[in-house]
Amino acid sequence: MSRSEIEVRGLHKSFGDNEVLRGIDLEINQGEVVCVIGPSGSGKSTLLRCVNLLEEPTKGQVFVGGTELTDPDVDIDAVRRRIGMVFQQFNLFPHLTVTENLTLPQRRVLKRDKAKAAAVAAENLERVGLAEKANAYPSSLSGGQQQRVAIARSLSMGPEVMLFDEPTSALDPELVGDVLAVMRMLAEEGMTMMVVTHEMTFAREVADRVVFMDDGVIVEDGTPAQVIGNPAHERTRHFLSRLLDPAMADVEEETSDQVGGETED
Amino acid sequence: MTDTDIPPQPSRSLQPKKKGLTRRQKRSLSRGVQYAVFVAAVIAFAVSADWDRLKNQFAQADIAEQMFPDVITMALKNTVLYTLSGFAVGLVLGMVIALMRLSSVGPYRWFAGVYIEIFRGLPALLIFIFIGVAVPLAFPGTEIVGGTYGKVALALGLVAAAYMAETIRAGIQAVPKGQMEAARSLGFSPARAMISIIIPQAFRIILPPLTNELVLLFKDSSLVLFLGVTLDERELSKYGRDLASTTANSTPILVAGLCYLLVTIPLGFVVRRMEAKAQEAVK
């Protein structure tokens, strides 16, 4: 439990003049589940995308499993094989069946043979409870099923770390539960997970740590009981009250530093 | 404004009196006139045309008969062969140009842009003359592989590549950005992701415009007329024209034309079906 699996040091990221991340330091240990919460445009998705270098950091370092991703000479494709990524919009390959979505990356990237790839795919579909959809096309599945297939696709590559970018935000409310159940299962199996989410119940029950971000910096970092149950900062309290009881929020003036909203969609 | 929520007008005489025809009457009158003009034009043509002469010129059964089976086994076969080889060259070259156009290397983008502008801007006929006449004169001793077939494939391919490159580029850009991100985060290299994930999806998107391009090429293959070809290398247009001049009759032109339609009409139908299907998939 002590080895740090993800380490972020002095991370800055700007899109043009818009500085989205202003100095992030974060360490996530092996087997730890960390939920990143915060308002739209706070930079939480950008931070997650910097961890597997889908966004190139402007300044700072990112280590995963001891390898520095921000080193220009590192084989980024090799490092990414160890990092699973789950997107808000699922991003399944629509021209392939569910099974092919799981086997093609294994065969092309890991050079596994057909039988081995199919066995791994079947096993992971079983884990997310979708074995009977093996031959369906993504378009015939519900959002929740697509997201579970996307998780199974990542798992088929045998990752050591899983990143989740608002995995339930594009789902109808009644489909959220199935996806969260799969994520909870992974957490219990000891997967190292970094989850950007608005699901406070999940964060409270499953996360080992909760990180609250606002305006490109980490405001609070602690156990769910501390950050969600008893936040130390006014900004955290304010965010949580709006999130947990949206109907009670007052109409607010837009502040000038809330630029543009979520840049990463 | 509906009249249900307005109180009844005190006097009907306040409303402006409608003069002349109502809207519905005007519409049916206009349609009636259009039908009448059409019917009159058809009758005028049917009466004034010299049917015997037309039949003699365009539909002589014995001349048509003597074209078979050559018009199919040789002329149509060559047309199809020229078209397909030109399409193959155009597709490969177009793919290369499209990828260059999307490259992060400046000179590649620049070269692709210039190529597309030049070959879309020049008449196909000029390219044929260039390949057929200018190249052998400018580079004596060079032989284009495949003789006439090679020349035609090259000329058609050079023109088609410019159009196809733009189509393929649009197709690649129409694949959602998330697809590349998902592939990269699974560990695909950029090239692998392009080949395994992006291009197969792009081709699904551009299948209808590519088939359209095939129809255009099928017709452009008639430009072979301007290359010197042997008797056995003639395609529909040249074959039809040669026969028309030896028989001093236009029937061969009509038969050759029908052979084109035999291919282009079903292909056009296929394109519309694919487009409708793609529309449905989007919904």
Side-chain angles (χ1 to χ4, degrees), chain A residues 45 48-49 51-56 64 69 75-96 100-112 137-140 146 149-159 161-165 170 264-265, chain B residues 91 94-95 98-99 102-106 109 164 167-211 270-271 273-283:
Chain A
S45 282
L48 192 81
R49 291 162 59 88
V51 171
N52 73 351
L53 234 64
L54 276 183
E55 301 292 352
E56 192 90 34
V64 174
L69 274 77
D75 178 0
I76 186 67
D77 298 327
V79 187
R80 279 191 179 131
R81 279 167 221 163
R82 307 216 304 261
I83 310 171
M85 174 90 172
V86 175
F87 297 87
Q88 186 177 348
Q89 299 296 340
F90 331 131
N91 292 347
L92 291 180
F93 305 135
H95 62 301
L96 303 175
E100 287 164 349
N101 261 279
L102 271 62
T103 52
L104 184 80
Q106 294 183 60
R107 299 189 58 198
R108 293 282 181 277
V109 177
L110 303 177
K111 310 288 177 205
R112 284 183 182 153
Y137 278 91
S139 57
S140 69
Q146 289 191 48
V149 172
I151 295 173
R153 179 175 69 179
S154 287
L155 291 176
S156 299
M157 306 299 282
V161 179
M162 287 283 286
L163 309 176
F164 294 84
D165 187 5
E264 51 269 61
D265 282 345
Chain B
L91 193 62
M95 175 66 82
L99 290 175
L102 294 167
S103 163
S104 54
V105 181
R109 281 201 307 275
M164 287 205 238
T167 307
I168 294 170
R169 179 189 58 80
I172 288 174
Q173 286 179 330
V175 176
K177 211 175 80 201
Q179 293 290 315
M180 182 52 110
E181 289 185 348
R184 292 306 310 276
S185 65
L186 286 163
F188 282 85
S189 68
R192 264 252 158 271
M194 201 46 132
I195 293 166
S196 299
I197 307 297
I198 307 298
I199 288 177
Q201 292 186 54
F203 265 91
R204 256 148 243 249
I205 298 170
I206 61 174
L207 210 54
L210 274 190
T211 315
V270 168
V271 171
R273 278 289 294 274
M274 286 192 296
E275 276 170 349
K277 238 175 129 184
Q279 274 294 314
E280 232 167 81
V282 168
K283 277 174 194 165

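Every chain is numbered from 1 and lettered A, B, ... according to where its sequence line falls, protein lines coming before strand lines. On a predicted model such as this, the values are computed, not experimentally measured, just so you know. Values below: all heavy atoms of this structure, side chains included; hydrogens, waters and symmetry mates excluded.
- Residues A:F93 and B:A182 share a closest heavy-atom pair of CE2-CB, 4.1 Å.
- Looking only at heavy-atom pairs under 4.5 Å with chain B, the residue among A:I76, A:L92, A:L96, A:L110 that has the most is A:L92.
- Put simply, CE on B:M180 and CG on A:N91 are 12.5 Å apart, with the number rounded to the nearest 0.5 Å.
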Inset, instruction - Dump the intermediate steps for side chain to side chain contact (heavy atoms under 4.5 Å, CB included) on A:L53 and B:R184, then the final yes or no. - result: CA-CA 10 Å; A:L53 234 64; B:R184 292 306 310 276; over 6 Å; no
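- Looking at A:I83, only its backbone comes within 4.5 Å of chain B, counting heavy atoms on both sides.
- With rounding to the nearest 0.5 Å, the separation of CD in B:E181 from CD in A:E55 is 7.0 Å.
- Along residues 185-195 of chain B, the residues that come nearer than 4.5 angstrom to chain A, judged on non-hydrogen atoms, are B:S185, B:L186, B:G187, B:F188, B:S189, B:P190, B:R192 in order of number.
- Heavy atoms of A:R82 lying under 4.5 Å from chain B are absent altogether.
- Considering every non-hydrogen atom in both B:S196 and A:H95, the closest pair reads O-NE2, 3.6 Å.
- Interface check for chain B: of the options A:G84, A:S156, A:P105, the most heavy-atom pairs under 4.5 Å are formed by A:P105.
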